[in-house]
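What follows is a single structure, written as structure tokens, with notes after it.
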Number of protein chains: 2
Amino acid sequence: MSIKDKGTEQLIKDTAKRIFFAEGKLHATTQDIADAAGVNRTLVHYYFRSRKLLFEQVTQEALDELRQLMSTLFVGKLSFKEKLKKLINVFMDETMAYPYRELFLITETNRHDQVHADQVHDSHVKPFLNDIQEEMDKGNIKAMDPRHFMMNLFSLMAYPLLSGTLSKGFMRISDSEYVKLMKQRKQLIFEMIYPNK
Amino acid sequence: MSIKDKGTEQLIKDTAKRIFFAEGKLHATTQDIADAAGVNRTLVHYYFRSRKLLFEQVTQEALDELRQLMSTLFVGKLSFKEKLKKLINVFMDETMAYPYRELFLITETNRHDQVHADQVHDSHVKPFLNDIQEEMDKGNIKAMDPRHFMMNLFSLMAYPLLSGTLSKGFMRISDSEYVKLMKQRKQLIFEMIYPNK
DNA sequence: TTAATGTTTGACAAATTTGTTAAACAAAGA
DNA sequence: TCTTTGTTTAACAAATTTGTCAAACATTAA
């Protein structure tokens with residue numbers, strides 16, 4: 001077979017992502033991952049050579065996905081307002097599916113004192129920041145350093161999902177109520193960020 | 001000696017907190033902690049019996065500190081506005097010193113499928129939520145579910161520090177610039193949250 | 001069918017990390 | 001001083017986790 005069969009390899013990788021990004025189990029062992037995928041642990045080594053390489057690949061792909069998201073959402077001829085709506089919608093949906101993805105990226109980059117992050121190029125983020133600046137110049141959104149705007153936006157979207165367990169505990173919110181609140185946030189965040197209708 | 005000497009025990013615990021909360025190394029081993037504290041690893045077991053118990057103690061104390069913060073900041077006869085300013089000031093300072101404290105709490109609670117979090121009682125959070133509701137009734141802040149208000153507030157404060165490494169990478173921000181931005185955020189967050197001056 | 005190639009498995013080895021023990025050491029009181 | 005108690009250390013044992021290997025198995029092409 002010349003073209004590599006992606007079945008098992010993909011299964012392992014997807015399972016790893018589920019464990020890390022969805023369940024937030026950052027300490028998962030290769031055994032944990034293999035069990036969850038229903039395969040022999042040796043296959044993890046067969047396809048990825050080592051635990052470290054599996055982690056690095058998962059990290060790289062997650063960063064790629066983030067970059068992809070950023071770039072696809074900020075091209076096209078939609079208005080800034082519509083792009084913003086779309087970004088909030090897509091990013092919130094993704095974060096609801098994978099609330100701990102960024103948490104994984106943060107701990108992995110801390111772990112190796114190595115910043116993979118700047119591979120997400122200016123070519124994607126800088127145009128976004130420029131768009132924000134333009135919109136401020138037009139008076140459509142409150143003037144501030146565009147980087148603050150971006151931090152505000154991503155904070156409001158990501159943090160409540162990231163800290164779900166804590167928030168639920170602190171505020172005595174049930175699981176079903178929490179989902180409701182998270183869905184409401186899409187609209188709420190847009191109104192906070194882009195107030196002058 | 002009847003009263004237990006807290007020297008070494010406290011040193012180990014403080015070092016563990018520094019590693020987890022300040023450096024974000026959630027995977028630190030007992031050896032890592034002992035080395036960083038400059039003591040023999042056996043002492044970790046002497047004082048805490050096991051790694052697990054050290055982790056649990058650190059987790060408990062971190063939750064206690066959060067509860068403490070919440071309760072001390074929301075008693076007294078300051079106006080809501082002043083309390084809010086104070087909360088932002090104190091919480092941001094704490095989070096700048098310990099940006100990964102919540103990250104640690106989140107992963108630890110995920111790890112054991114156990115919610116220590118609800119030990120932070122209604123007795124502290126509920127009065128806060130009531131204050132927020134009151135302020136909304138007065139028309140001083142935008143009306144919404146007070147829980148959203150609280151999530152917004154903590155998101156804006158915690159997330160940019162939590163995701164510092166990523167943000168710096170994404171937006172090409174230097175360390176010194178980042179500190180500047182974080183200090184600006186205190187005022188910026190207050191204005192966002194409490195807009196009608 | 002047979003050979004070749006790729007996949008899966010269990011058994012084993014190595015490495016890492018945690019936990020235990022006994023002995024050395026230090027400080028304080030009788 | 002001597003004893004007692006608490007602290008620190010090194011050596012060791014146990015447990016966990018990662019990585020390797022050869023053999024079994026499956027699939028495809030000649």
Side-chain angles (χ1 to χ4, degrees), chain A residues 1-21 23-61 100 104 107-114, chain B residues 1-21 23-61 100 104 107-114:
Chain A
M1 194 187 296
S2 64
I3 295 167
K4 204 194 226 168
D5 176 26
K6 282 281 170 190
T8 303
E9 184 172 356
Q10 197 61 41
L11 172 64
I12 292 170
K13 206 155 59 185
D14 289 345
T15 305
K17 285 181 180 176
R18 200 189 72 223
I19 290 176
F20 298 142
F21 302 167
E23 297 170 20
K25 311 237 180 212
L26 304 188
H27 303 76
T29 64
T30 53
Q31 188 66 260
D32 292 333
I33 296 165
D35 288 350
V39 303
N40 190 293
R41 185 179 57 82
T42 313
L43 290 178
V44 175
H45 291 94
Y46 179 71
Y47 285 110
F48 300 93
R49 295 198 71 79
S50 72
R51 176 188 147 97
K52 199 182 171 193
L53 283 173
L54 170 59
F55 270 60
E56 281 174 11
Q57 199 166 325
V58 167
T59 302
Q60 277 313 314
E61 290 188 13
Y100 304 110
F104 178 84
T107 57
E108 281 309 300
T109 50
N110 282 343
R111 215 153 133 67
H112 309 102
D113 292 317
Q114 197 192 355
Chain B
M1 191 187 297
S2 64
I3 295 168
K4 205 195 228 168
D5 175 27
K6 283 281 170 190
T8 304
E9 185 172 357
Q10 196 61 40
L11 172 65
I12 292 170
K13 206 155 60 185
D14 289 345
T15 305
K17 286 181 180 176
R18 200 190 72 222
I19 290 176
F20 298 142
F21 301 166
E23 296 171 19
K25 311 235 181 214
L26 304 186
H27 304 77
T29 64
T30 53
Q31 188 67 260
D32 293 332
I33 296 165
D35 288 350
V39 302
N40 191 293
R41 185 179 58 82
T42 313
L43 290 177
V44 176
H45 289 96
Y46 180 72
Y47 286 110
F48 299 94
R49 294 198 71 79
S50 73
R51 177 188 146 97
K52 199 182 169 192
L53 283 172
L54 170 60
F55 271 60
E56 282 174 11
Q57 199 167 325
V58 167
T59 303
Q60 278 313 314
E61 291 188 11
Y100 302 110
F104 177 85
T107 57
E108 281 308 301
T109 50
N110 281 343
R111 216 153 131 67
H112 310 103
D113 292 318
Q114 196 191 357

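Labels below follow one simple rule: chain letters A, B, ... track the order of the sequence lines, proteins then strands, and each chain is numbered from 1.
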Item to check | Selection from C/dG6, C/dG19, D/dT8 that lies nearest to any side-chain heavy atom of B/Tyr47 | outcome: D/dT8
Checklist entry - Taking atom C1' of D/dT18 as reference, at what distance in whole Å does atom CD1 of A/Ile33 sit? => result 12 Å
Next on the checklist: Regarding C/dG10, can its base be found pairing with the side chain of A/Arg41 as donor and acceptor, where the two atoms are less than 3.5 Å apart?
Outcome noted: no
Item to check | Euclidean distance, atom CZ of residue A/Phe55 to atom C1' of D/dT17 [Å, nearest integer] | outcome: 12 Å
Next on the checklist: What is the separation between atom CZ on A/Phe48 and atom C1' on C/dT7, rounded to the nearest whole Å?
Outcome noted: 14 Å
Checklist entry - From the list D/dG6, C/dT18, C/dT8, which nucleotide is the closest neighbour of the side chain of B/Thr29? => result C/dT18
Checklist entry - Does B/Thr42 make a side-chain donor-acceptor contact with the base of C/dG19, cut-off 3.5 Å? => result no
Item to check | Check: A/Ile33 and A/Leu54 side chains under 4.5 Å, non-hydrogen atoms | outcome: yes
Item to check | Nearest-nucleotide pick for A/Asn40, side chain only, options being D/dG19, C/dT9, D/dT8 | outcome: C/dT9
Checklist entry - What pairs with A/Phe20 under ring-ring contact (aromatic ring centres under 6.0 Å, His included), at least two apart in sequence or on another chain? => result A/Phe55, A/Phe104
Checklist entry - B/Thr30 side chain: which of D/dT9, C/dT8, C/dT18 is closest? => result C/dT18
Item to check | Nucleotide C/dA13, atom P - distance to NE2 of A/His45 in whole Å | outcome: 17 Å
Item to check | Note, A/Tyr47 side chain near A/Lys13 side chain (heavy atom, < 4.5 Å) | outcome: no
Checklist entry - What integer distance in Å separates B/Gln31:CD from D/dA11:P? => result 14 Å
Item to check | Separation of D/dT18 C1' from A/His27 NE2 (nearest whole Å) | outcome: 17 Å
Checklist entry - Could you give the CD-to-C1' distance, from B/Glu9 to D/dT8, as a whole number of Å? => result 15 Å
Next on the checklist: I want to confirm an ordering. Mapping B/Tyr46 and A/Arg49 to their closest nucleotides on DNA chain D, which one lands closer to the 5' end?
Outcome noted: B/Tyr46
Item to check | Minimal non-hydrogen separation, A/Thr29 against A/Arg51, with atom names | outcome: CA-NH1, 3.7 Å
Next on the checklist: Between A/Val39 and B/Arg51, which residue's closest nucleotide on DNA chain C lies nearer the 5′ terminus?
Outcome noted: A/Val39
Checklist entry - Under 4.0 Å: is that the gap between some side-chain N or O of A/Ser50 and OP1 or OP2 of D/dT18? => result no
Item to check | Heavy-atom check, side chain of A/Glu23 versus side chain of B/Asn110, under 4.5 Å | outcome: no
Checklist entry - For B/Leu43 and C/dA26, what is the distance between atoms CG and P respectively, to the nearest whole Å? => result 15 Å
